[in-house]
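So the structure is just underneath, and the comments pick up after that.
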Amino acid sequence: MNADGVNESSGEQHTDTRELLPTATGPRTRAAVRELVRPYRGLAVGGFAVMIAATAVGLLVQPLLGRIVDLVADQRPAGDLTLPVVLLVLVALAHGGTTSLGLTLVSRLGETVLAQLRERFVEKALRLPLEQVEKAGAGDLTARVTRDVSVVGEAVRSALPELARSLLAILLTLGAMAALDWRFLLAALLAVPVQASTARWYVRHAVPLYAEQRVATGAQQQQLLDTIAGAGTVRAFRIEEQHTARVTRRSTTAVELKMRGIRLVLDFYNRLHVAEYTGLAAVLVTGFYLVRADSVSIGTATAAALYFHSLFGPVNSALVLLDDAQSATASLARLVGVADEPTPEPARARGAAEPSRSGTQPDGTVTVIGIDHAYVPGQHVLQNVDLTLRAGEKVALVGPSGAGKTTLAKLIAGVHRPTSGSVHLTGTAGRGGDGDGLPVALVTQETHVFAGPLADDLRLARADATDDELRTALTDVEALDWVQALPDGLYTVVGDGGHRLTSAQVQQLALARLMLADPPVAVLDEATAEAGSTGARLLEKAASRAVEGRTALVVAHRLTQAATADRIVVMEGGRIVESGTHDELSAGSGPYASLWQAWSGTRSAR
């Protein structure tokens with residue numbers, strides 16, 4: 001795997017064998033919805049009560065129309081039509097008002113519950129262990145954050161209110177038909193077996209299909225992200241066709257699944273039409289025989305036919321909404337699966353970095369004991385690593401690419417858990433703010449600037465920091481001058497759509513956040529690598545100021561950083577092969593001496 005995330009030999013296999021983020025089971029998804037709705041029971045009861053009233057009022061239309069038919073059939077005076085017509089107008093107004101209120105209440109319930117679910121999802125997503133996200137791939141998480149949230153949101157805004165209204169209309173209309181004559185109800189129920197078998201057939205095919213579509217969409221987005229992120233490497237190795245083929249293959253899979261879904265919906269509609277014609281024919285035939293036998297009037301038979309015809313919309317809507325419901329359920333299960341993830345324990349309380357106040361080690365001491373680590377089972381990146389960072393000691397970690405330096409740094413920072421062995425920290429809290437900060441802060445070369453005022457970006461490290469404290473931190477990392485020169489100083493908008501910062505400035509902000517967080521232990525993983533030669537000295541000076549007075553592990557990008565460290569640890573092949581001061585190691589004949597001679601020779605040649 002190269003730095004751009006492109007693996008020419010195994011990229012396809014790696015994507016196919018990802019460990020996707022969890023998806024909740026059906027029972028757990030329903031239980032989660034009940035938990036979210038429980039605090040809003042009053043709103044739910046009120047909303048559905050108003051919907052029932054609205055539907056009941058609407059059912060008065062058919063009997064009034066039937067009354068008008070009877071008046072005309074009996075050749076009654078035109079004045080007799082006034083009352084039923086006026087009642088029809090009043091029913092229409094009452095039905096419209098109550099329906100609007102009911103839909104508003106149900107929509108408010110849905111939006112409130114969705115907001116709670118989104119907040120839980122985002123909170124847990126931000127706290128997912130990095131190794132879990134890496135195994136799943138960014139595409140899986142991106143698809144859930146974008147597509148799945150959108151699908152559930154759309155269902156809540158449109159499908160949920162419409163489904164509630166349709167189900168109520170179906171139940172009350174069937175009751176009204178029974179009130180006219182029980183035989184009309186029996187005739188209408190002839191359509192139910194066809195509709196029920198259609199619903200079962202659809203659900204049986206739709207549930208796995210939509211779940212498969214979600215996975216395919218995630219894989220498609222992951223492939224796009226991998227290809228775009230590694231675009232430079234792709235072009236350098238001239239493997240554009242391979243990556244285009246991969247994107248095409250995954251896009252084709254997603255399109256084929258979408259087309260299968262469309263064909264499924266078309267078949268679903270065809271079966272529903274058969275049910276409609278069956279039921280309507282049965283009601284009309286029943287009405288004909290009942291009128292001929294003088295069991296009911298023509299108006300009553302008309303009302304029964306109108307009742308059944310009015311069921312077309314609600315029944316079709318309810319069954320068609322199965323399409324949205326199945327899609328939303330699949331998306332909801334993926335959101336609940338992440339929202340249900342247990343909150344990871346802080347680094348200071350888990351096996352990756354266990355704090356301890358026992359023994360005689362002073363606060364800020366880091367002890368690595370017998371660590372082994374493998375990202376893929378059987379392929380060890382670290383093997384039997386033992387290391388102690390004494391309190392206040394600055395240790396530089398050097399070695400060739402692939403030696404395991406970054407992995408060891410992330411294990412000490414608590415980003416990953418070791419496969420075996422442990423990391424112990426003495427001292428459980430940072431010294432900034434109220435003393436509840438994490439004991440280890442990690443600064444890498446991949447630093448992000450969030451969109452918004454620069455001051456807010458800095459306060460991510462300590463929310464209660466004053467402007468003066470922000471300026472002090474910026475001064476310590478040699479950044480105050482250029483910050484004050486910005487259009488709005490500390491409150492200049494940076495990030496996407498804002499003022500663009502250079503790579504060196506971005507790293508200075510990261511180091512300033514480190515100063516504000518003020519942890520006892522700092523890990524710098526090539527934190528000055530992005531500066532280039534022009535900004536190297538400035539950033540190295542800023543990094544040195546940032547780690548003063550704290551235990552520091554510095555993954556050295558330049559050997560000048562190692563030369564100023566209290567101790568140097570050399571790694572090769574996932575093991576520590578040398579440890580000592582710069583003078584001791586450079587005077588010897590080991591790997592560091594060779595690295596230093598090569599480094600010095602290169603710089604002299606310049």
Side-chain angles (χ1 to χ4, degrees), residues 3 347 352-353 364-373 375 380-416 418 421-425 439-447 507 510-511 514 519-531 536 539-540 542-544 546-548 550-586 588 590-596 598-599:
T365 298
V366 180
T367 307
V368 177
I369 303 174
I371 273 187
D372 283 1
H373 191 68
Y375 295 103
H380 288 275
V381 179
L382 297 178
Q383 300 181 61
N384 195 30
V385 173
D386 293 306
L387 178 64
T388 298
L389 307 180
R390 295 182 290 274
E393 182 183 28
K394 178 181 176 182
V395 176
L397 201 58
V398 301
S401 178
K405 305 185 297 297
T406 292
T407 298
L408 179 58
K410 288 184 176 181
L411 290 174
I412 291 175
V415 174
H416 296 315
S422 61
V423 179
H424 298 275
L425 308 178
V440 182
L442 172 67
V443 180
T444 72
Q445 60 180 313
E446 299 173 353
T447 301
Q507 290 302 115
L511 294 171
L514 172 63
V521 180
V523 178
L524 274 58
D525 183 9
E526 298 190 350
T528 63
E530 292 296 320
L539 273 188
E540 287 176 11
S544 296
V547 300
E548 279 181 7
R550 63 184 101 248
T551 307
L553 179 68
V554 179
V555 179
H557 178 68
R558 296 176 177 84
L559 289 188
T560 50
Q561 293 175 286
T564 60
D566 300 321
R567 182 159 53 103
I568 299 169
V569 173
V570 184
M571 295 189 68
E572 283 186 358
R575 301 176 185 273
I576 293 176
V577 295
E578 269 192 319
S579 179
T581 66
H582 169 73
D583 291 338
E584 292 171 348
L585 297 182
S586 61
Y592 182 78
S594 300
L595 289 173
W596 180 253
W599 171 264

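The figures here come from the full heavy-atom set of this structure, side chains too, leaving out hydrogens, waters and symmetry mates. Predicted model only: the values in this text are computed from it and were never measured.
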Apply the test side chain to side chain contact (heavy atoms under 4.5 Å, CB included) to residues Val554 and Val395: give CA-CA distance (whole Å), side-chain angles for both, the deciding distance (0.1 Å), then the verdict. CA-CA 6 Å; Val554 179; Val395 176; over 6 Å; no

[X] and side-chain contact (heavy atoms from CB on, under 4.5 Å): which single residue from [options] fits?
X      : options                : value
His424 : Ile369, Thr388, Val366 : Ile369
Val368 : Asp386, Ile412, Leu389 : Ile412
Val381 : Thr407, Asp372, Leu408 : Thr407

Please walk me through it: do Leu387 and Ile576 pass side chain to side chain contact (heavy atoms under 4.5 Å, CB included)? CA-CA 9 Å; Leu387 178 64; Ile576 293 176; 4.1 Å; yes

Please check: side-chain N/O of [X] versus main-chain N/O of [Y], any donor-acceptor pairing under 3.5 Å?
X      : Y      : result
Asp525 : Thr406 : no
Glu578 : Tyr592 : yes
Lys394 : Thr564 : no

Find the distance between [atom1] ([X]) and [atom2] ([Y]) and round it off to the nearest 0.5 Å.
X      : Y      : atom1 : atom2 : answer
Leu553 : Lys405 : CG    : NZ    : 11.5 Å
Met571 : Leu382 : CE    : CG    : 5.0 Å
Ile568 : Ser579 : CD1   : OG    : 9.0 Å
Leu397 : Arg567 : CG    : CZ    : 10.5 Å
Arg390 : Thr551 : CZ    : OG1   : 10.5 Å
Glu393 : Arg550 : CD    : CZ    : 15.5 Å

Which heavy atom of Ala441 sits nearest to which heavy atom of Leu514, and what is that distance? CB-CD1, 3.5 Å

Should Val440 and Leu425 be marked as a side chain to side chain contact (heavy atoms under 4.5 Å, CB included) after you check the CA-CA gap, both sets of side-chain angles, and the distance that decides it? CA-CA 9 Å; Val440 182; Leu425 308 178; 3.3 Å; yes

Is the closest side-chain heavy-atom distance between Thr367 and Val423 below 4.5 Å?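 No, side chains not in contact.
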
